[in-house]
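Being a predicted model, the structure only gives us computed values, none of them experimental.
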Amino acid sequence: MTTTSADTFRALHRLGDPLVMPNAWDAGSARLFESLGFLAVATTSSGFAATLGRLDGGVTAAEAIDHTAALVAATSRPVNADLEDCFADDPAGVAATIAAAAGAGAAGASVEDFTRRREAPIHDIALATERVAAAVQAAGPSGLVVTARAENLIRGVDDLADTIRRLQAYQEAGADVLYAPGLATVDAVRAVVTSVDRPVNVLLRPGGPVVGALADAGAARVSVGGALAWVAWGAVATAARELLVEGTSSWSPLSTAGNEAAHRALG
């Protein structure tokens, strides 16, 4: 039996020995992360949107799928697609987006329960669960790894108990991996991990638990969202501001290091 990228990606999720997965924002960064030794990469909706001159949430479904295909073509590593809310409220729309991601070669993809509506940011749990089930069904033929995301904690709903109920429901709907961005403490991570029977992805947060502590709490995957893209933006903004205001280039060593990294990754 031929091993697919989805099979490889699924096997990398190990309780307490997490897959550390960087989020690439373009083909070059995906190649860079591969050259550094990462075993899988993810897309980042916010980082990709920035490459188009937009903020997070400003990318269309077609653009996200094309971007996923570009990263799949750029790296030999499994690619997990950040598909936001799958660009649809209804289960059929979610299924169509997941099927398109599988067709683009993604090894995994995520579906959020975020509504994009400020007055009611989180889908009703029944509909949210139907959306996850539709994603799982659409992924079935390809084996694509479906990550179901409970968005409560980063959308102004500070309710860990409800977040856990949602993750449990998404597990029952067939999700392969569970993810609640915004878990801020080891205790919160452990509460989620011990409440479900699927691998749990944790977002590495500034000032929060480090990878070793997340591993001890049972995380099976650790990702960083758009953080590495913002590191790149921050470094360029700092260097460019110095160039404009001071007319100096104390940033030259960082430029040299970046050039060398690009040659190693792309050469």
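To the nearest 0.5 Å, the span separating NE2 on His67 from OG1 on Thr60 amounts to 12.0 Å. For the atom pair Ser255 OG and Glu260 CD, the distance stands at 9.5 Å (nearest 0.5 Å). Atoms CD and CD, from Glu151 and Glu84 in turn, are 9.5 Å apart once rounded to the nearest 0.5 Å. Here Ile98 contributes atom CD1 and Ser110 contributes atom OG; the two are 7.0 Å apart, rounded to the nearest 0.5 Å. With values rounded to the nearest 0.5 angstrom, Arg77 atom CZ is found 13.0 Å from Phe9 atom CZ. Atom CZ of residue Phe48 and atom OG1 of residue Thr43 lie 9.0 Å apart, to the nearest 0.5 angstrom.
Salt-bridge check for Arg241 with Glu246: failed, with every basic side-chain N at 4.0 Å or more from each acidic carboxylate O. Looking at Arg198 and Asp176, no side-chain N of the basic residue comes within less than 4.0 Å of a carboxylate O on the acidic one, giving no salt bridge. At a threshold of 4.0 Å, the pair Asp124-Arg166 does not count as salt-bridged, since none of the basic side-chain nitrogens sits closer than that to a carboxylate oxygen. Using a cutoff of 4.0 Å between basic side-chain nitrogens and carboxylate oxygens, Glu63 and Arg54 are scored as salt-bridged. A salt bridge links Asp187 and Arg190; the closest N-O separation between the charged side-chain nitrogens and carboxylate oxygens is under 4.0 Å. No salt bridge links Arg149 with Asp113; every basic N to acidic carboxylate O contact stays at or beyond 4.0 Å.
Judged by distance alone, the side chain of Arg31 and the main-chain N or O of Ala262 form no donor-acceptor pair under 3.5 Å. No donor-acceptor pair under 3.5 Å is formed between the side chain of Arg205 and the backbone N or O of Val224. Not a single donor-acceptor pair under 3.5 Å links the side chain of Asn201 to the backbone N or O of Tyr179. A donor-acceptor pair under 3.5 Å is formed between the side chain of Thr115 and the backbone N or O of Pro121. For Thr248 (side chain) and Ser250 (main-chain N/O), no donor-acceptor pair under 3.5 Å exists by modelled atom type. A donor-acceptor pair is defined here as one N or O able to donate and one able to accept, closer than 3.5 Å; such a pair exists between the side chain of Arg131 and the backbone of Glu112. Judged by distance alone, the side chain of Ser29 and the main-chain N or O of Ala24 form no donor-acceptor pair under 3.5 Å.
Counted by atom type alone, Thr51 and Asp26 present zero donor-acceptor pairs between their side chains at under 3.5 Å. Side-chain contact check for Ser195 and Gln168: no donor-acceptor pair (N or O, by modelled atom type) lies under 3.5 Å. Residues Ser249 and Glu242 bring no donor and acceptor atom of their side chains to less than 3.5 Å of each other. In this structure, a donor-acceptor pair under 3.5 Å is present between the side chains of Thr4 and Asp7. Looking only at atom types and distance, the side chain of Thr44 has no donor-acceptor partner in the side chain of Asp82 under 3.5 Å away. Defined by atom type and a distance below 3.5 Å, a donor-acceptor pair is present between the side-chain atoms of Asn152 and Asp162.
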Worked verdict on Val41 versus Thr75 for side-chain contact (heavy atoms from CB on, under 4.5 Å): CA-CA 9 Å; Val41 299; Thr75 176; 4.2 Å; yes

Might you work through the side-chain contact (heavy atoms from CB on, under 4.5 Å) test for Val94 and Glu130, ending with a clear yes or no? CA-CA 10 Å; Val94 170; Glu130 289 178 17; over 6 Å; no

Checking side-chain contact (heavy atoms from CB on, under 4.5 Å) for the pair Val192/Ile164: CA distance, chi angles, key distance, verdict? CA-CA 6 Å; Val192 168; Ile164 289 173; 4.0 Å; yes

Are Val177 and Arg221 close enough, and set up right, to give a side-chain contact (heavy atoms from CB on, under 4.5 Å), and what steps lead you there? CA-CA 9 Å; Val177 178; Arg221 191 171 86 200; 4.0 Å; yes

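The aromatic rings of Phe33 and Phe38 stand perpendicular to each other, their planes meeting at an angle above 60°, with 30° marking the opposite boundary.
Taking both residues in full, the closest heavy atoms of Ala95 and Ala134 are given as CB-O, 3.8 Å, listed atom of the first, atom of the second, then distance. Minimum interatomic distance between Val145 and Ala6 (heavy atoms only, all atoms of both residues): CG2-O, 3.8 Å. For the residue pair Ala109 and Asn80, the shortest heavy atom distance occurs at N-OD1, 3.2 Å. Between Ser142 and Ala102, the closest heavy-atom pair is OG-CB, 3.5 Å. Taking both residues in full, the closest heavy atoms of Val193 and Ala219 are given as CG2-N, 4.3 Å, listed atom of the first, atom of the second, then distance. Closest heavy-atom contact between Leu15 and Gly218: CD1-O, 2.9 Å.
A 4.5 Å side-chain heavy-atom check between Ser46 and Trp25 finds every atom pair outside the cut-off. For the pair Tyr170 and Thr129, the minimum side-chain heavy-atom distance is below 4.5 Å. Looking at Leu204 and Leu214, their side chains come closer than 4.5 Å, going by heavy atoms from C-beta outward.
Heavy atoms from other residues, nucleotides or ligands lying under 6.0 Å from CG of Asp158 number 12 at most. Under a cut-off of 6.0 angstrom, the local environment of CZ in Arg118 is sparse, with at most 12 non-hydrogen atoms contributed by other residues, nucleotides or ligands.
Placement of Val202 and Val211 within a single hydrophobic cluster is found when ILVMFWY residues are connected by side-chain heavy-atom separations under 4.5 Å, directly or transitively. Residues Ile122 and Leu178 do not share a hydrophobic cluster, clusters being chains of Ile/Leu/Val/Met/Phe/Trp/Tyr side chains in contact below 4.5 Å. The hydrophobic cluster containing Leu32 also contains Val72, counting ILVMFWY residues as joined when their side-chain heavy atoms lie under 4.5 angstrom apart, directly or transitively. Leu167 is connected to Leu183 through a chain of hydrophobic side-chain contacts under 4.5 Å among Ile, Leu, Val, Met, Phe, Trp and Tyr, so both are in one cluster. In the hydrophobic cluster analysis, where Ile, Leu, Val, Met, Phe, Trp and Tyr join through side-chain heavy atoms closer than 4.5 angstrom, Ile125 is grouped apart from Val157.
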